[in-house]
Amino acid sequence: MNTKIQRLSGTIAAQSSAQGASGVAVIRVSGSGVKPIIQKTIKKELEHMKAELAPFYAQNGNVIDQVIALYFQSPSSYTGEDILEISCHGSIAVIDEILASLYQQGARPANAGEFTRRAFLNDKLDLTQAEAVADLIESTSIEVARAAKNSLEGAFSKKVFSILDSLAQLRSTIEASLDFPDEDLEETNHDKKLAKLFRETRNSYQTLLEQTQVACKIREGMVVAITGKPNVGKSTLLNQLIGHDRAIVSDEPGTTRDTIEVNTTIDGYSVSFVDTAGVRKTDNKVEKEGIRRALEATENADLIIEVKDATQEKITDAKEANENHLIAFNKADLLNNKEEIKPKANNAFLVSALEGRGINKIVENLSNRFKGSKDTELTITARRRHLTSLKESFKSFDVARKKEKNNEAGDIVAEELLQAQNSLSEITGEYSSEELLDSIFNKFCIGK
């Protein structure tokens, strides 16, 4: 059921280009009052999607500026309403004068994200596409911009709608079977077909869960905590990873007394490294506080790189290494050639932070975490709310799958599948609340 809140009030206007003086500024107007506003301010008929150079008139009849006016007729516009886009000179005075004139002619100032909100409410975009607009505007690298563009073009939505279709098919198949005796169902191989559909849907869920987790990292970046005992080379490793000296390096243990956070990019993706104090027993109050913060940073990180002294540790022993816990055996430059045995674990590395040896392997490992598949052109952006709704939907689906496997009543299974549909529909906005929409669109820029 579509529960979009249809609250489109009045005609809105706002500057869509960046604030401040510029060569050219763009002002956008949307709503049912666009045509009367064109008649009073442009004073000529505008054709759909045909740019016109024309004077823009104030209410007193004075010309404010020569502008390029572009009219989009409903429903073939960004918002689905009549839209007027005005390209004027980017003087702050000119912009303010044009906006004042538009407000005098019946438009009102647009709220944050209201143009995109109207596009969503008028079914021009689903909610994931609307959010991708903000992601594209805020993107800080071409890789993130491409991922946001894919989501804006519907790559994420299509995956969600595909699972929704499978859930609907499962529900209809189960509900239809309620009216048939067991003998008829056996003849049509009902159970086998249903089991296959459950299996295929579960695989689709798992694939999308993995892709969404990667997509969240692409949008938000990744926090990596560098941990380890004092004097193992954590700060030297940080400096190598970011490409310049950010942390103080000293042979004296306990040099790092506080967490040092550095934001950088790896292959165009945002990574925040946190260099932590070395963990050891100490009576120094300042160092104790640094250790407390180090432990806190470790708990909140997406990934841990634990640095160990290769001259003091058994390199082949890296049992702690896993997908979210890398181990860097540092000081390889101090080992004899015979001692340079590569770690057996996939997530353990032999490096020399001093010489930069082996650092590229760690960087490659980090980069691969942003790539859900070999085809990086198919990457998308996603938000934590998407991941939460997807997990909730999968949980309900999995309950339905197990109940069906245990031959429980079909109406109970169908109810769980309905809950899975509702949770999944929250992602695209087909099943949403006004509070959710407010929380999303209020974070947009004015004019977007």
Side-chain angles (χ1 to χ4, degrees), residues 1-2 126-129 132 147 150-151 153-218 323 369 371-432:
M1 181 178 67
N2 190 326
D126 63 49
L127 204 49
T128 60
Q129 291 174 300
N150 289 339
S151 287
E153 291 175 350
F156 187 25
S157 305
K158 288 174 185 175
K159 298 173 190 292
V160 173
F161 286 129
S162 177
I163 295 179
L164 282 169
D165 288 343
S166 296
L167 292 173
Q169 189 177 350
L170 279 167
R171 275 187 61 204
S172 62
T173 302
I174 289 170
E175 289 171 354
S177 69
L178 297 176
D179 299 326
F180 291 90
D182 292 341
E183 293 81 5
D184 290 346
L185 295 176
E186 287 178 8
E187 289 181 8
T188 58
N189 290 322
H190 170 80
D191 290 343
K192 289 184 179 179
K193 291 178 181 178
L194 198 58
K196 181 183 178 183
L197 187 53
F198 265 111
R199 185 170 59 254
E200 291 174 346
T201 305
R202 190 171 190 273
N203 291 339
S204 297
Y205 262 115
Q206 291 178 327
T207 299
L208 187 55
L209 277 166
E210 291 174 5
Q211 292 173 335
T212 305
Q213 287 170 335
V214 172
C216 286
K217 288 179 184 177
I218 289 174
E323 184 68 18
R369 293 168 185 270
K371 301 167 184 175
S373 65
K374 292 181 180 179
D375 188 356
T376 56
E377 291 298 316
L378 297 179
T379 54
I380 55 177
T381 53
R383 304 186 175 208
R384 293 293 166 181
R385 78 165 192 90
H386 301 152
L387 189 57
T388 299
S389 294
L390 186 57
K391 286 180 177 178
E392 289 176 355
S393 177
F394 178 71
K395 184 177 179 181
S396 297
F397 163 80
D398 216 33
V399 170
R401 184 180 65 86
K402 290 173 181 176
K403 287 182 180 295
E404 169 62 25
K405 198 172 182 180
N406 293 332
N407 294 317
E408 295 191 30
D411 54 347
I412 297 177
V413 176
E415 184 62 29
E416 291 291 347
L417 291 172
L418 176 60
Q419 184 56 51
Q421 283 181 289
N422 290 342
S423 296
L424 201 57
S425 293
E426 290 176 357
I427 295 177
T428 58
E430 295 302 307
Y431 193 85
S432 59

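Of the possible polar contacts, none joining the N150 side chain to the I380 backbone as a donor-acceptor pair under 3.5 Å is found. The backbone N or O of E408 sits nowhere less than 3.5 Å from a side-chain atom of N406 that would complete a donor-acceptor pair. S151 places a side-chain N or O within 3.5 Å of a backbone atom of T381 that can act as its donor or acceptor partner. Between the side chain of T173 and the backbone N or O of Q169, at least one donor-acceptor pair lies under 3.5 Å. In this structure a side-chain-to-backbone donor-acceptor pair under 3.5 Å is present from T201 to L197.
When every heavy atom of A420 is checked against every heavy atom of S393, the shortest pair comes out as O-OG, 2.7 Å. Nearest heavy atom pair, residue L417 against residue R171, reads CB-CG, 3.4 Å. Between Q421 and L164, the shortest heavy-atom distance links the atoms O-CD2, 3.7 Å. Of all the heavy atoms in H386 and I427, the pair that sits closest is O-CD1, 3.6 Å. Contact detail for R385 and E426: the closest heavy-atom pair is NH1-O, 2.9 Å.
In this structure the side chain of F156 never reaches within 4.5 angstrom of the side chain of Q129, judged on heavy atoms.
In this structure, Y205 OH and E210 CD are separated by 15.0 Å, a value rounded to the nearest 0.5 Å. Rounding to the nearest 0.5 Å places OG of S166 at 11.0 Å from CZ of F198. Note that CD of E416 is 10.0 Å distant from NZ of K395, once rounded to the nearest 0.5 Å. For the atom pair L127 CG and S425 OG, the distance stands at 11.5 Å (nearest 0.5 Å). Taking CG from N422 and CG from L167, the interatomic distance works out to 10.0 Å, rounded to the nearest 0.5 Å. Summarising the geometry, atom CZ belonging to R369 is positioned 6.0 Å from atom NZ belonging to K217; distances are rounded to the nearest 0.5 Å.
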Let's go through R401 and D398 carefully: what are the C-alpha distance in whole Å and the side-chain angles of both, what is the deciding distance for salt bridge (Lys or Arg N to Asp or Glu O under 4.0 Å) to 0.1 Å, and is it a yes or a no?
CA-CA 5 Å; R401 184 180 65 86; D398 216 33; 2.9 Å; yes
Tell me, with the steps shown, if K158 and E153 meet salt bridge (Lys or Arg N to Asp or Glu O under 4.0 Å).
CA-CA 10 Å; K158 288 174 185 175; E153 291 175 350; over 6 Å; no
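At a cut-off of 3.5 Å, with distance as the only test, no side-chain donor of S157 or T428 sits close to an acceptor on the other residue.
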